[in-house]
Peer 1: 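Structure in structure tokens, see below.
For ligands, and for the atoms within them, numbers begin at 1 and follow the listed sequence. The chain is numbered in sequence order, starting from 1.
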Amino acid sequence: MQELATERVVIVGAGLGALYAALRLSPRPVLVISPEALGTGASSAWAQGGVAAAMDPADSAEAHAADTVRAGAGTVDADVARAVAAEARAHVLDLTDLGTCFDRADDGAYVMSREAAHSFARVVRVKGDQAGAEIMRALIAEVRRTPSIQVLDGVIATGLAVHAGGVQGVEVSLSRPGGSVPCLIRCPAVLLAGGGSGGLFAQTTNPSRIRGQVIGLAARAGAVIADAEFVQFHPTAIATGADPAPLATEALRGAGATLINADGVRFMAAWHPDGELAPRDIVARAIYAETQAGRRPMLDTRAALGQRILGEYPAVAGACQAAGIDPVRDPIPVAAAAHYHMGGIASDARGRASLDRLWVCGEAASTGLHGANRLASNGLLEALVYARRCALDIEAALAPCALAPAVTLPDLAPQASPDPHLVARLRRAMTDGVGVVRTAAGLHQALGIIASVESAQADCAELRNMTATATLIAAAALLREESRGGHYRADFPDMDGATGSRSHMTLAQAMTLRARTALETT
Ligand SMILES: Cc1cc2nc3c(=O)[nH]c(=O)nc-3n(C[C@H](O)[C@H](O)[C@H](O)COP(=O)(O)OP(=O)(O)OC[C@H]3O[C@@H](n4cnc5c(N)ncnc54)[C@H](O)[C@@H]3O)c2cc1C
């Protein structure tokens with residue numbers, strides 16, 4: 001493998017976590033590894049609702065932390081929730097200083113949306129559903145003005161080089177179709193900010209790049225993965241058959257939109273006293289049950305918003321229009337889709353992973369904030385808080401460095417990228433066996449398919465990164481013999497106690513379970 005060395009900190013990914021950390025590390029030289037052109041391929045740019053933060057004087061960080069703990073179904077680390085909620089306001093002000101145009105009232109106060117399981121209207125927003133796009137626009141502009149940040153686009157990380165428990169560098173390949181052989185970039189520190197794994201599922205709201213590859217490459221290098229089984233399924237992905245499925249933000253239900261089925265029945269009252277604003281996992285299971293029963297669940301915005309949906313929620317209105325749906329006249333067909341991974345690379349309060357010289361932030365991390373069920377709009381907030389903490393800790397851990405030459409990759413020979421048929425098989429297996437409703441039999445079957453997909457193209461690192469994460473999610477789901485938050489087992493439908501413990505697993509442990517499962521089922 002060809003290799004080169006740099007004094008730059010290498011940041012894997014180019015979403016909110018990566019760019020915010022790169023700015024916070026400035027003027028230390030960094031190299032941002034971005035598979036696509038900046039601003040595309042990241043969930044961050046697709047975020048609709050906004051950032052949860054107690055900005056209203058009548059609200060409080062304590063109440064925000066309490067809601068976070070309650071939503072997480074007994075596995076949130078309460079200290080983490082308190083600390084993150086306490087920092088939220090400062091990050092919203094910081095994003096504002098960086099040029100993000102949040103919606104403001106005439107008196108300058110932030111306009112706040114109400115989202116499910118929040119006890120207060122607490123989500124700062126941009127034009128109804130444009131928060132992610134606007135935040136990323138502002139950050140990208142700032143990144144382009146910052147000379148210490150080098151962005152290498154068209155490049156994907158495929159592995160980590162590890163020696164004696166410490167990360168030495170990142171293996172990268174060209175992300176173009178057809179791929180390339182990898183090249184090792186040796187560097188003083190690596191920050192993983194490669195997003196979650198929703199795209200590992202056939203039904204998802206995540207961009208197609210977000211398929212658990214960065215969690216998988218860390219796991220393959222030996223990093224501990226936490227809470228892998230906790231995947232959040234969003235109840236209102238717009239069901240048009242598009243892949244990925246466009247999202248109808250939860251803020252619509254906060255604004256009064258209702259859920260009905262093909263018979264015109266509002267079914268949520270039978271599931272939870274909060275109806276449409278019940279915790280996300282419960283709404284997702286209700287939607288899934290209606291879909292399975294053939295009753296075609298729909299989001300009805302007509303009475304609550306009427307024509308206003310066109311101007312106030314342009315992303316949702318645009319997605320409907322593209323699918324030939326007129327939300328002013330007709331309800332919007334919806335389905336539950338993989339949306340957010342609460343689990344990820346285990347990290348501590350400073351953003352450190354279990355390997356030396358490895359930090360992680362954003363959805364790729366598992367910090368203990370979300371427990372078994374993320375509170376709406378805590379995802380962007382977590383990315384902001386931990387990006388800053390990683391930057392502070394990396395700065396403290398490394399010797400000063402003011403200047404470093406730009407990195408230029410050598411010519412890299414082509415090498416096969418993942419076979420699309422194998423990826424499709426993997427994603428189908430995840431939705432069918434590791435989706436909204438899980439059973440031991442379904443998880444066994446999924447683990448078998450994951451193993452056969454992996455062995456069909458064993459020399460492809462990108463595919464192995466995906467199958468590693470898929471294995472961890474399915475194995476952890478098999479071991480958790482209870483239902484909790486986003487993890488629902490039809491064969492263990494009850495929660496095993498009001499509080500539960502988080503799961504921690506290495507890939508080696510998950511692979512052992514996978515092999516044992518294969519032996520049991522043959
Ligand atoms: C449709 C949608 C709506 C959402 N709405 C909200 C919301 O309103 N509020 C909220 O708090 N959260 C929301 N979320 C969740 C939130 O957007 C994400 O959790 C958050 O943006 C994650 O930020 P990140 O920087 O960790 O990852 P991302 O923004 O996903 O960025 C990951 C980056 O890593 C790159 N990458 C992937 N693989 C590799 C690789 N192998 N090598 C190098 N780079 C790689 C990607 O190209 C991308 O640049 C939403 C998510 C979706 C999908």
Peer 1: Considering only heavy atoms, does H339 approach ligand 1 within less than 4.0 Å through its side chain, its backbone, both, or neither?
Peer 2: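 Answer for H339: side chain.
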Peer 1: Considering only the protein, which heavy-atom contact is closest to atom 6 (C) of ligand 1, and what is its distance?
Peer 2: A47 CB, 3.4 Å
Peer 1: Which residue and non-hydrogen atom of the protein lie closest to atom 49 (O) of ligand 1, and at what distance in Å?
Peer 2: A14 N, 3.0 Å
Peer 1: Would A157 count as a polar contact of ligand 1, with the cut-off being nitrogen or oxygen pairs under 3.5 Å?
Peer 2: yes
Peer 1: What protein heavy atom sits nearest atom 19 (O) of ligand 1, and how far off is it?
Peer 2: E363 OE1, 2.7 Å
Peer 1: Begin from the C-alpha positions of R427 and D243 and carry the test salt bridge (charged side-chain N to carboxylate O under 4.0 Å, His left out) through to its verdict.
Peer 2: CA-CA 11 Å; R427 296 179 67 210; D243 176 27; 3.0 Å; yes
Peer 1: When you measure from the heavy atoms of R374 to every atom of ligand 1, does any distance fall below 4.0 Å?
Peer 2: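 Within the 4.0 Å threshold, so yes.
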Peer 1: Checking contacts here: is it the side chain or the backbone of N465 that comes within 4.0 Å of ligand 1, counting heavy atoms only? Could be both or neither.
Peer 2: neither
Peer 1: Counting each atom of ligand 1 from 1 as listed, which ones have a heavy atom of G195 under 4.0 Å away?
Peer 2: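 Matching atoms, with element in brackets: 26 (O), 27 (O), 30 (O), 32 (C).
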Peer 1: Measure centre to centre between the rings of H64 and F120, then say whether the value is under 6.0 Å.
Peer 2: no
Peer 1: Tell me, which protein residue and heavy-atom name are nearest atom 9 (N) of ligand 1, and how many Å apart are they?
Peer 2: G50 O, 2.9 Å
Peer 1: Just by modelled atom types, is the L277 backbone N or O under 3.5 Å from a matching donor or acceptor in the R253 side chain?
Peer 2: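 Such a contact is absent between R253 side chain and L277 backbone.
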Peer 1: Identify the closest protein heavy atom to atom 23 (O) of ligand 1: which residue and atom is it, and at what distance?
Peer 2: S44 OG, 3.2 Å
Peer 1: Does S377 come within less than 4.0 angstrom of ligand 1, counting non-hydrogen atoms of the residue?
Peer 2: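 Judged by the 4.0 Å heavy-atom criterion, S377 does count as contacting ligand 1.
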Peer 1: Using a 4.0 Å heavy-atom cut-off, say whether V214 meets ligand 1 through its side chain, its backbone, both or neither.
Peer 2: side chain
Peer 1: Do any N/O atoms on G49 end up under 3.5 angstrom from N/O atoms on ligand 1?
Peer 2: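 N/O-N/O distance under 3.5 Å: yes.
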Peer 1: Examine the proximity of ligand 1 to A193 and report which part, side chain or backbone, both or neither, has a heavy atom under 4.0 Å away.
Peer 2: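 The part of A193 near ligand 1 is the backbone, not the side chain.
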Peer 1: Quick one: does C361 get an N or O within less than 3.5 Å of an N or O on ligand 1?
Peer 2: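 No, C361 has no N/O under 3.5 Å of an N/O on ligand 1.
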Peer 1: Which pairs with one or both residues in residues 362-386 pass salt bridge (charged side-chain N to carboxylate O under 4.0 Å, His left out), sequence neighbours excluded?
Peer 2: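 Residue pairs passing salt bridge (charged side-chain N to carboxylate O under 4.0 Å, His left out), neighbours aside: none found.
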Peer 1: Looking only at distance, does G17 have an N or O less than 3.5 Å from an N or O of ligand 1?
Peer 2: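 Between G17 and ligand 1 (N or O atoms, distance only) the closest approach is under 3.5 Å.
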Peer 1: If you measure from each heavy atom of A131 to ligand 1, is any distance below 4.0 Å?
Peer 2: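 So A131 does not count as touching ligand 1.
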Peer 1: Counting heavy atoms only, name the option from P35, G159, A245, G198 that's nearest to atom 44 (N) of ligand 1.
Peer 2: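 Ranked by closest heavy atom to atom 44 (N) of ligand 1, first place is P35.
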Peer 1: In the protein, what heavy atom is nearest to atom 46 (C) of ligand 1, and what distance, to one decimal place, separates them?
Peer 2: G41 O, 3.7 Å
Peer 1: Side chain or backbone of E382 under 4.0 Å from ligand 1, or both, or neither, by non-hydrogen atoms?
Peer 2: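 Neither part.
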Peer 1: With a cut-off of under 6.0 Å to the ring centre and 45° to the axis, is R389 in cation-pi contact with Y386?
Peer 2: yes
Peer 1: Take atom CD of E3 as the centre, draw a 6.0 Å sphere, and report whether it contains more than 12 heavy atoms from other residues, nucleotides or ligands.
Peer 2: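 Result for CD/E3: enclosed.
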Peer 1: Distance under 4.0 Å to a non-hydrogen atom of I156: what atoms of ligand 1 satisfy this?
Peer 2: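 Those qualifying, in numeric order: 40 (C), 41 (N), 42 (N).
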Peer 1: Looking at atom 35 (C) of ligand 1, what's its closest protein heavy atom, distance included?
Peer 2: G13 CA, 3.7 Å
Peer 1: Hey, is ligand 1 close enough to V155 that some N/O pair sits below 3.5 Å?
Peer 2: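 Checking ligand 1 against V155, no N or O pair falls under 3.5 Å apart.
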Peer 1: State if S34 counts as touching ligand 1 under the rule of any non-hydrogen atom under 4.0 Å.
Peer 2: no
Peer 1: Of the backbone atoms (N, CA, C, O) and the side-chain heavy atoms from C-beta on, which set of H341 has a member under 4.0 Å from an atom of ligand 1: side chain, backbone, both, or neither?
Peer 2: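 Neither part.
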Peer 1: Report the residues that fulfil ring pair (Phe, Tyr, Trp, His ring centres under 6.0 Å) with Y340, sequence neighbours left out, ordered by chain and then residue number.
Peer 2: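 Residues passing ring pair (Phe, Tyr, Trp, His ring centres under 6.0 Å) with Y340: H370.
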Peer 1: Using distance alone, decide if ligand 1 has a nitrogen or oxygen within less than 3.5 Å of any nitrogen or oxygen in Y340.
Peer 2: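 No.
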Peer 1: State the atoms of ligand 1, each with its element, that fall below the 4.0 Å cut-off from a heavy-atom position in G15.
Peer 2: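 So the atoms of ligand 1 that pass are 25 (O), 29 (O), 31 (O), 33 (C), 49 (O).
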Peer 1: Which part of L380 is near ligand 1, with near meaning a heavy atom under 4.0 Å away: side chain, backbone, both or neither?
Peer 2: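 Both of them.
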Peer 1: Within the side chain of R308, is there an N or O that forms a donor-acceptor pair under 3.5 Å with the backbone of A304?
Peer 2: yes
